[in-house]
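Note that this is a predicted model, so its numbers are computed, not measured.
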Amino acid sequence: MYENFLKSILLLILAFSLPVYSQGTELSLDDAVFKALENNREIRNARLEINKADAAVDEAFGYALPTVELSAQISHLIEKPKTPFPDFEAMLANSTYGVLFNEGLLPYDQTKLLPMKTKLQSFAQADNYEANAQITQIIFNSAVFTGIGASKVYLNLSKESLKSQVASVVRDTKQAYYSALLTKEMLEIVELSLKNARENLENVKALHEQGLTSDFDLLQVEVRVENIKPQVRELKNLLNAAKNQLKLVMGINREEKIELTGKLLYEEKENLNEDDLLYKAGKYNFDINTLRLKKQIDHEYMQIEKSGYYPTIAAFGRYTYAGSGDDFDFQSYSSSVVGLSFSWNLFNGNKDSKRVEQAKITEMQTGNQLELAEDQIALGITVKVDEVKKIKEEIEALNRNIGLAERAYEIAQSRYKEGTGTQLEIKNADLELSNARTNLKKATHDYIQALNEIEYLAGLTEARYIGYVNKKSLNK
């Protein structure tokens with residue numbers, strides 16, 4: 001007795017000293033969504049695209065600001081360049097003899113005069129340097145001013161694309177989470193059915209031992225228990241697959257264990273007005289707004305291409321400091337100039353007009369994509385609203401059916417205990433109850449998923465998710 005007591009104490013101490021291993025990280029729907037937003041690579045790229053667009057805006061403004069250039073060079077002539085030039089020696093000699101002849105100081109002698117020819121001569125100095133400072137300010141250039149507006153539209157497009165990506169990730173994560181949740185709750189239903197079957201088996205065994213039930217009834221119940229076990233195993237495998245799909249959407253390691261804490265609960269959505277949803281979709285849907293901005297930026301690019309039709313006017317000022325000499329004995333000087341430059345391409349083989357034509361076609365293509373997207377989203381909302389209405393009616397009927405199935409199961413058990421019923425009645429009642437519960441879970445799942453899709457199509461993704469991503473962008 002004393003030894004058993006010591007063993008019990010020892011086992012208790014050992015149990016408390018052993019580490020407790022968690023069955024998995026508890027994961028709510030919000031946890032899953034925020035984790036997916038944090039890890040999604042497309043969202044990371046969209047955030048980088050905003051940074052890129054922001055830099056493009058600064059670049060566009062830079063073209064409108066003055067440019068300052070500084071250049072300098074120094075050189076040494078290894079061999080001086082030469083230029084054909086009249087022979088100065090012959091010119092000087094002939095001029096001197098001409099004066100002497102004219103003054104009568106010497107008698108005229110033609111042989112004294114040298115032939116006038118050109119001679120290669122160099123007038124350059126071996127060492128040279130030059131430094132230039134120039135400032136240029138664009139006064140008029142259509143591409144510069146249009147580009148500033150286009151870059152701002154591109155920035156807005158990048159921000160809207162990020163919102164669109166966030167909405168897509170939120171929708172996909174919710175879909176994966178609800179699908180895993182449905183599998184989990186279906187598993188719970190089958191496990192409850194297995195529990196009922198086992199309890200029924202214990203009751204039948206007790207009655208069999210007292211000779212109050214037949215071997216056939218006992219055999220039927222045992223078979224029922226064994227038939228439910230494969231269903232449990234199959235649903236566990238399906239739940240594991242659903243969790244892996246959720247992990248993939250969340251961007252976490254497949255080896256990480258997770259436990260879903262949510263519940264599939266039916267909450268009736270009031271005021272689900274189709275016209276109101278269609279209006280909101282046209283105004284708030286991120287994909288539609290992205291295409292609208294895409295069409296706008298296509299138009300801006302077309303205007304940029306049209307800038308080739310217009311001249312460019314710029315003001316400039318230049319200061320030069322230079323010098324030259326031999327053996328680095330420089331003679332230095334400076335000069336400065338200000339002025340206006342004007343350039344206008346009057347003909348370049350119609351390249352400008354063809355680029356404008358291509359840009360206009362691109363804008364038209366985006367317009368067609370926008371119209372198609374609007375039609376598809378409107379159709380999607382109409383289909384989902386009809387689906388929600390039908391599921392609501394189905395859920396009301398299923399709730400009544402569960403109540404009837406539970407009552408039928410209780411009656412079947414009571415009848416069997418009283419000796420007026422059979423195991424077949426219990427089996428059928430349990431099967432009907434399990435099916436009713438399963439159908440209700442499926443209907444609830446479909447209802448929630450339809451609302452999730454409507455939320456996405458109408459552009460009603462919760463602002464806190466977008467704010468979370470924007471906050472992450474600012475912190476990085």
Give the intermediate values and the outcome of side chain to side chain donor-acceptor pair (under 3.5 Å) for residues S179 and Q245. CA-CA 9 Å; S179 295; Q245 179 61 32; over 6 Å; no
State the [atom1]-[atom2] distance between [X] and [Y], to the nearest 0.5 angstrom.
X	Y	atom1	atom2	answer
N452	D172	CG	CG	8.5 Å
I313	Q137	CD1	CD	12.5 Å
I258	L246	CD1	CG	4.5 Å
K247	K257	NZ	NZ	9.0 Å
K236	L238	NZ	CG	12.5 Å
L457	I381	CG	CD1	5.5 Å

Please report the C-alpha distance between D30 and Y465 in whole Å, then the side-chain angles of each, then the deciding distance to 0.1 Å, and finally whether the side chain to side chain donor-acceptor pair (under 3.5 Å) criterion is met. CA-CA 9 Å; D30 261 1; Y465 295 132; 2.7 Å; yes
Are side-chain N/O atoms of D54 and Y154 paired as donor and acceptor at under 3.5 Å?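 Not at all, the side chains of D54 and Y154 share no donor-acceptor pair under 3.5 Å.
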Checking side-chain polar atoms at under 3.5 Å, does Q413 have a donor or acceptor matched by the opposite partner on Y409?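 A pair is found: one side chain offers a donor N or O, the other an acceptor, under 3.5 Å apart.
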Of T290, N285, L291, the residue whose pairing with I288 passes side-chain contact (heavy atoms from CB on, under 4.5 Å):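 Only match with I288 under side-chain contact (heavy atoms from CB on, under 4.5 Å): N285.
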Keeping the roles fixed (side chain from N40, backbone from I43), state whether a donor-acceptor pair exists under 3.5 Å.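 Judged by distance alone, yes, a pair lies under 3.5 Å.
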Donor-acceptor contact present, side-chain K441 to main-chain E185, <3.5 Å: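 Such a contact is absent between K441 side chain and E185 backbone.
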Regarding [X] and [Y], does a basic nitrogen lie under 4.0 Å from an acidic carboxylate oxygen?
X	Y	result
E357	K354	yes
E226	K229	yes
E406	R437	yes
K184	E259	no
K442	D446	no
E453	K384	no
K390	E387	no
D430	R224	yes

Does any part of the side chain of [Y], heavy atoms only, come nearer than 4.5 Å to the side chain of [X], both counted from C-beta?
X	Y	value
E59	V57	no
L201	L218	yes
Y301	E363	no
L451	V388	yes

Could you go through the ring pair (Phe, Tyr, Trp, His ring centres under 6.0 Å) check for F145 and Y63 one step at a time? CA-CA 9 Å; F145 302 127; Y63 286 108; over 10 Å; no
Should I228 and R198 be marked as a side-chain contact (heavy atoms from CB on, under 4.5 Å) after you check the CA-CA gap, both sets of side-chain angles, and the distance that decides it? CA-CA 10 Å; I228 296 176; R198 283 173 171 165; over 6 Å; no
Does the plane of the ring in Y310 sit parallel, tilted or perpendicular to the ring in F140? Use 30° and 60° as the thresholds.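 The arrangement is perpendicular - the two ring planes meet at more than 60°.
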Please verify the inter-ring angle class for F342 with W344; under 30° counts as parallel, over 60° as perpendicular, anything in between as tilted.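 Ring orientation of F342 relative to W344: perpendicular.
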Heavy-atom count check: over 12 atoms from other residues, nucleotides or ligands less than 6.0 Å from [X] [atom1]?
X	atom1	answer
Y266	OH	yes
E268	CD	yes
Y279	OH	no
K294	NZ	yes

Could you please spell out the steps behind the side chain to side chain donor-acceptor pair (under 3.5 Å) verdict for D31 and S28? CA-CA 5 Å; D31 294 335; S28 67; 2.9 Å; yes
Begin from the C-alpha positions of L293 and I297 and carry the test side-chain contact (heavy atoms from CB on, under 4.5 Å) through to its verdict. CA-CA 6 Å; L293 288 168; I297 201 169; over 6 Å; no
Please walk me through it: do N196 and L192 pass side-chain contact (heavy atoms from CB on, under 4.5 Å)? CA-CA 6 Å; N196 291 340; L192 180 59; 4.2 Å; yes
Answer with yes or no after comparing the ring centroid distance for F286 and Y456 against a 6.0 Å cut-off, counting only values under it.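 No, ring centres 6.0 Å or more apart.
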Quick one: do R464 and F34 satisfy side-chain contact (heavy atoms from CB on, under 4.5 Å)? Show the steps, please. CA-CA 10 Å; R464 61 196 179 101; F34 284 126; 3.8 Å; yes
The test is side chain to side chain donor-acceptor pair (under 3.5 Å); show your working for D298 and T362 and say whether it passes. CA-CA 7 Å; D298 288 341; T362 300; 6.0 Å; no
Applying the salt bridge (Lys or Arg N to Asp or Glu O under 4.0 Å) test to R292, which of E160, E374, E371 qualifies?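 Only one of E160, E374, E371 forms a salt bridge (Lys or Arg N to Asp or Glu O under 4.0 Å) with R292, namely E374.
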